[in-house]
Amino acid sequence: MVRFTVLASGSKGNCSVVTGGNTRILVDAGLSCRELFRRMRLVDEDPATLDAIIITHEHSDHVAGLAVTARKLGIPVYFTDGTHRAWVRWLSPRKQMTHTQWLERCREQAAARMAEADAAPAEECDPEEAELSSQSAPVEKAEPGVAKTAPEKDPTWLPSVRFFEAGKPIQIGDISVSPFTIPHDAADPVGFVFQAEGVRMAVATDLGYIPPNVKAQLKCVDLLLLESNHDLEMLRDGPYPWSVKQRVLSRVGHLSNEAAATYLETEYDGQAAYVILGHLSESNNLPELARLAAERALNGRASLLANRLLLAAQQEPMSTICF
Ligand SMILES: [Zn+2]
Ligand SMILES: [Zn+2]
């Protein structure tokens with residue numbers, strides 16, 4: 001049976017579980033290990049049955065509980081090389097740049113990737129970015145499937161690190177995973193389409209806008225977890241400093257209710273039995289505003305009335321969706 005459960009979604013922690021055949025994957029680990037396990041048990045999922053963890057990007061709301069969870073379960077963690085390097089750099093005691101410099105570099109890289117995604121919907125490796133990463137990161141790359149040696153007190157030690165690239169599908173047990181680049185201010189952020197037993201489930205949160213390569217990936221999915229981060233007016237009038245507002249609103253920030261609704265109204269193909277709105281901001285959004293914007297968009301298209309619209313929450317897991 002294929003199942004999808006959002007354990008948490010929002011700027012204080014993101015985590016979902018995808019099950020297909022005999023395989024169970026944790027998508028991001030943005031909750032503490034203890035909370036993550038508690039929530040899994042709440043939805044009758046046994047943490048011990050997880051086979052792997054896969055990471056979208058290195059922001060703390062996606063990796064806060066990663067190391068502890070992976071070690072406790074002894075399971076492999078799948079990253080892009082860029083995300084792994086960024087994660088290691090920030091957990092390593094010897095930082096090579098200030099956080100401001102690091103954020104600036106992430107923005108530049110995201111802008112370069114964005115330009116590329118705009119130009120060509122097909123995924124391509126960016127040699128410039130690869131060069132940048134290799135220059136600045138002192139991280140030893142583990143071979144796929146091979147555990148790094150376990151130095152005492154190394155906060156970045158994981159039982160096993162495996163790498164994937166955006167645009168190149170991989171197989172994890174019974175689940176095939178298609179990672180795709182998203183425009184967001186992290187080192188090498190991705191969304192995923194998971195496929196098992198003929199069911200396709202897409203995860204697309206943490207993106208400043210929806211470029212052509214993402215639109216292509218979101219076609220013909222049975223479940224769509226789409227970001228609906230903020231209400232534009234609430235963000236503009238809200239408590240964030242101007243620089244943070246600019247970051248959220250930028251092309252490598254987060255998707256607004258309005259942008260998600262525009263996509264649903266104009267370009268979404270209507271194939272998903274479940275549309276889940278996720279990564280809602282607690283400061284700059286209200287669940288009802290997000291729901292209303294998406295409902296209006298879907299209701300405007302008579303053919304989409306069968307789509308079930310759901311909201312993922314920060315504080316509690318969603319009921320499991322079964323196919
Ligand atoms: Zn996030
Ligand atoms: Zn993020």
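Counting starts at 1 for both ligands and their atoms, following the listed order. Along the sequence shown, residues are numbered consecutively beginning with 1.
In summary, an N, O or S atom of His57 is located under 2.8 Å from the Zn ion (ligand 2). Not a single N, O or S atom of His254, from either the backbone or the side chain, sits less than 2.8 Å from the Zn ion (ligand 1). Contact annotation: His59 places no N, O or S atom under 2.8 Å from the Zn ion (ligand 1).
At most 12 heavy atoms of other shown residues, nucleotides or ligands fall within 6.0 angstrom of atom CD in Glu233.
Side chains of Asp28 and Thr56: a donor on one and an acceptor on the other come within 3.5 Å.
When the N, O or S atoms of Asp61 are ranked by distance to the Zn ion (ligand 1), OD2 comes first. When you scan the N, O or S atoms of His62 for the one nearest the Zn ion (ligand 1), you land on NE2.
Classified by interplanar angle (parallel below 30°, tilted 30° to 60°, perpendicular above 60°), the ring pair His184/His57 is perpendicular.
Within the 3.5 Å criterion, the main-chain N or O of Leu207 finds a donor-acceptor partner in the side chain of Glu227. One N or O on the side chain of Asn285 and one on the backbone of Asn229 form a donor-acceptor pair closer than 3.5 Å.
The Zn ion (ligand 1) lies at the vertex of an angle of 90° between the NE2 atom of His279 and the OD2 atom of Asp206 (rounded to 10°).
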